[in-house]
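Below is one structure, written out as structure tokens; the observations come after it.
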Amino acid sequence: MSTIVSLPDQSTAALPKRNYLNAEHGLLSWLLTGDHKRIAMLYLISITGFFFLGGAFAGLVRLELLTPAGDLLAADTYNKMFTMHGIVMIFLFLVPSVPATLGNFLIPIMIGARDLAFPKINLLSWYLYLIGGTFTLTALVLGGVDTGWTFTTPLSTHYLNTHVITTGLAIFVAGFSSIFTGLNFIVTIHRMRAPGMTWFRMPLFVWSNYAASILMVLGTPVLAIAIVLVVLERTIGLGVFDPAKGGDPLLFQHLFWFYSHPAVYIMILPGMGVISEVMANFSRKRVFGYTAVAFSSVAIAVFGFFVWAHHMFIMGVSNYSALVFSLLTMLVAVPSAIKIFNWSATLYKGSITFETPMLYAFGFIGLFTIGGLTGVFLGSLGMDIHLTETYFIVAHFHFVMVGGMLMAFLAGIHFWWPKMTGRMYPESLSKLAAVTTFIGFILTFFPQFILGYLGMPRRYHAYPADYQVLNVLSTAGATVLGVGYLLPILYLAWSLKYGEIAGPNPWQATGLEWQLQSPPLTENFTEIPYVDYEAYDFEWLAHKQKQEVTTVG
Amino acid sequence: MVVTQPGELQEEHEHEHVHLPQHRHHFETEEQQREAASFGMWLFLLTEIMFFGGLFMAYLLYRNWYNPAFVAASHTLSIKLGALNTAILITSGFCMAMAVWAAETRKRKALVNFLGLTNFFGIAFLVVKYFEYAEKWHDSHIPGLKFSIADFGKLGVDMAQKTQVYYSLYFAMTGMHALHMIIGIVLIFWYMVRANRGEFTEGYVAPIENFGLYWHFVDIVWIFLFPLLYLIDLGAK
Amino acid sequence: MGISPVLWQFLNKWLTSSALFPKEASTIAPYADALYFFLLAMTLVGVLIVGALVFGFSLRYRKERNPEATQIEGSTLLEATWTIIPLVIFLVTFVWGALLYFRIYNPPANSMNIYIVGKQWMWKAEHPGGQHEINTLHVPTGRPVQLTMISQDVFHSYSIPEFRVKREVIPGRYSTVWFNATEPGVYHLFCTQYCGTLHSGMIGTVTALSPDDYQKWTDASTSGMSLAQNGERLFASLGCNQCHTGAAGARGPNLAGLYGKKVQMEDGSTQLANEAFLRDTILNPSSHVPAGYKPIMPTYQGQISEEGLIDLVEYLKSLKTNYRVQQTLTTATSTEAAPTTPGMVKP
């Protein structure tokens, strides 16, 4: 049953003699590179490292929660673990994950450009990211930080003696890394599209990264200033958020969530772009309602800016603003629903195959649907009162961020692995990994919805014994999930050397990137292409191949 | 439809026209490169607006809540020094505009001189700012480090305490502004060296133009800060 | 048998305590659960539709059965359908949720008031009758109870899952929540806002008692002085009565009957004299100068604890006449004659 799509004969394929990987040699040629593809690989390596670091923290958190008593870790150690888990996963993994790796690698190629507009700034982004990561590690080595990733004042400014300043600086610096990435993408997409590549010929992956970039560019600076004020409050004692001096801690909440709510769209939008590509390709069909999907990304970005106070419904925002923000929250849910239905409809009358990226994409659709709809629970004012700050919210955002985003990231990594490395990943092992991840995920996070409705608060080191059964299930699931994440790194590393040679277009996909050799040349295109076909035009591809056969033959 | 054949090896594509040494090869044309750079700069300024925007929001909120404290604290600033600094900064902005003009009209000497003048006024601004800060230190108006409400006897003690919020914002806003000035000044020194080598007077003016945008942005921030911080309730005095 | 004791224990636990929903123990709980079930149904239907589409199409249009894909651009009608239907459902959710929100956060007028002070890492409860509790709360069933809460340090959050209520407890500002317990019992009390090292230790119990039992508990645990009585002492010892004599022409405004009124301010605004107003005026008098008075009141910031402020607020709420204010004064200065008939005093 599982045939790979009808490929041109690959047994004779060989890796191209010249490509971006072997264009230059030596460590310095990587560390000083301006090539967006090499920078993408640098990012891929570093975010993978941080992902497993953050995963280790999560493992310890889950182990501690195996029993109701706080017996494995001390209370403050536990607090440091979930704080570091949040900070590492959000700022050092999820935010840069798809944009900085796949986006960096693919956006210039997809729109027919030789590189991003500002290659040096792109490299600078990576270094800023590394500096941010180093600061985080420094804070960890020096003894950690236990503010929670939300840095709630006055707890973070006056009541904790951990390394808040170091971590704050880490986030500040990493924030600039993502500002520069977003800026680079926007300029590139506006100014560097190849002739004929109109806005509505762009792949949806580019659209969704564009929307995410807008959020990065406009949202991140507000987080930066909020963090600066927290640091100034800790170091010299300014009083912008300090109630003792007349400041208002709620202002910090507003500034923080003004970034951190859009940040969840920064994380999920690029993932949605991956899903569009994968769904179209493996059903051999143009994405159903291309324009609707494209505009829904932009709509999410726009509405995403006006819903931040839904994190504060029980904090004493006025009734009127609660109403407005709840209403806007309901509106921002609609574009996501549109996307889900469009992806489902893309399958209609397709010719569907089930390679690993497609399995991950199916996983995404299932988990994201649950994650998105449970978001409606939380956006609904009265329900939010009972559910917020419990495990329900933990389950909700893990369904979206891990079930959604991480599934999408893995779908994308598998989908473009042949393009990035020139070699195929092992198909059956990767299918096993996809299924393991899905099962492990459901087992880990589904019980947490029930725990949340029962009232178990988040960030609890110890909990009443009546919640134990569900917590044991969750920890068991986390073990399975861990295996599901370890598998890909093993077989992907293996495939670098032993994987089958992929050839230029193993998926018979239509994107510009697939019309190049794998791995591509450093300059991507020897000559800038003229684009005269729509995105996902499989008829164009078939026609083109027929022509090639006739001309060659 | 022209799509590169995979694996095809070609030598570096030859451009037919003569181009600037600064032209980067991932851009098709110099025009494209220049547009991209300027577009990028505008976007960056947008992020800067959001950065300062957070502070301005905080200012508006607290000024509304603690109006008497803000008025009283604002009167401890020297309007003379503030006005002097405004004039200095506008002059510096003018010099920067002249520097851009010099680059565009390919006058190397004039460019270096105008950049130098811009920098001179930028540094003068910081010197004045230093004296203002020193005065704050002397008067114990620095929340957290050295603060006393002795100067605000007319307000109730509780409202006098709220001047700390004003000073917190004063230092955060002018401090962030000064930080941007310092970054700008360092960059100007670097640009002066490069301008002296004639890099920007052979048609490649984008860096000077874009830096000019940055410098004017920093000026404009001050144009907002000056009335908001110094001139609160001027008429009622 | 072959089953290991650990597994057996686990199964046993699973079967005996596999609650999927917390007990409904307040009048609000059924309303919250109704919305919850509606939302669950919505989720279930949504997942089923998407699942049916994905699985159905995957079976029907897999490559083996449909080797050639048919290219379809899209359909405006379908797009409109799946924009409008979710939108309508979400809007229903919005309205329903908003109604529930106002039900939970707008207390009925006749509710009894209990004060909660949160600090790292304990909950203090102050009953009007002077009963103090730490990490417990005793409430009667069948009677609306309003909690007026404040934090001494960082953000906390007062959560009683069985009642489906929760509210953030904020430093320097009163927040309120109310409930009407229906079933006697002992329920979880959690701090749900992360508040530092022993966050998970900031838990306790809420005990709902039948009215009779509650009466017994109240009688048994009283400290002898009600909050208002404590407040009266404080009012005198801080010298508040020196200015707030209640007499015409006094330096401070008359406070009797102030609670619940709208006050005209010197700056032209009007402010409602609720608990938050009373507390904030004691701490930040300069921000609350009533029309016709000079801003001469000193601040009491740092001089009164949150509990003391609660006592004062309760006292001011209970203050209907100035008789006792002036009585305490006359014993000291005797500049004004005490009225002969209590209750007849003009405010």
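Because the structure is a prediction, the values reported are computed rather than measured. So you know, we letter chains A, B, ... as the sequences are listed, proteins then strands, and number each from 1.
Taking both residues in full, the closest heavy atoms of I528(A) and E28(B) are given as CG1-OE2, 3.2 Å, listed atom of the first, atom of the second, then distance. Taking all atoms of both residues into account, the shortest heavy-atom contact from A117(A) to A36(B) is CB-CB, 4.4 Å. Nearest heavy-atom pair across G247(A) and V165(B) is N-CG2, 3.8 Å. The heavy-atom pair separating L61(B) from L251(A) by the smallest distance is CD2-CD1, 4.0 Å. Between K162(B) and G246(A), the shortest heavy-atom contact is CD-CA, 3.6 Å. Across all non-hydrogen atoms, the minimal contact from V240(A) to Y62(B) is O-OH, 2.5 Å.
In this view, T153(A) and S156(A), T157(A), V230(A), F241(A), P249(A), F252(A) satisfy the side chain to side chain contact (heavy atoms under 4.5 Å, CB included) rule, not counting sequence neighbours.
For chain B, the nearby parts of D248(A) are the backbone and the side chain; heavy atoms of each come within less than 4.5 Å. If you measure heavy-atom distances from Q161(B) to chain A, the contacts under 4.5 Å come from the backbone alone. For I121(A), no part sits under 4.5 Å from any heavy atom of chain B, backbone or side chain.
Under the 3.5 Å distance criterion, the side-chain polar atoms of S168(B) are left unmatched by any main-chain donor or acceptor of L238(A).
Within residues 211-223 of chain B, no residue approaches chain A closer than 4.5 Å by heavy atoms. Proximity to chain A among residues 176-184 of chain B is limited to M176(B), judged by heavy-atom separations below 4.5 angstrom.
Most heavy-atom pairs under 4.5 Å with chain B: of the set N184(A), L116(A), L255(A), this distinction falls to L116(A). Considering only heavy-atom pairs separated by less than 4.5 Å from chain A, the leading option among W65(B), Y167(B), F171(B), F147(B) is W65(B).
Of the inter-residue distances, the one linking W42(B) atom CH2 with L183(A) atom CG reads 13.5 Å to the nearest 0.5 angstrom. To the nearest 0.5 angstrom, I214(A) atom CD1 is 10.0 Å from L46(B) atom CG. Interatomic distance, M173(B) CE to I225(A) CD1, rounded to the nearest 0.5 Å: 9.0 Å. Here the CD1-OG1 distance, from I179(A) to T47(B), works out to 5.0 Å after rounding to the nearest 0.5 Å. The distance from atom CD of E31(B) to atom CZ of R191(A), rounded to the nearest 0.5 Å, is 9.0 Å.
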For a quick test of your reading: what N or O donor-acceptor pairs under 3.5 Å do the side chains of residues 51-60 of chain B make, sequence neighbours left out?
{"residue": "Y59(B)", "atom": "OH", "partner": "R63(B)", "partner atom": "NH1", "Å": "3.1"}
{"residue": "Y59(B)", "atom": "OH", "partner": "L228(B)", "partner atom": "O", "Å": "2.3"}

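Annotation: cation-pi geometry not satisfied between R114(A) and F27(B) (NZ/CZ under 6.0 angstrom from ring centroid, within 45° of ring axis).
Y259(A) has its side chain out of reach of M50(B): every pair of non-hydrogen atoms, C-beta onward, lies at least 4.5 Å apart.
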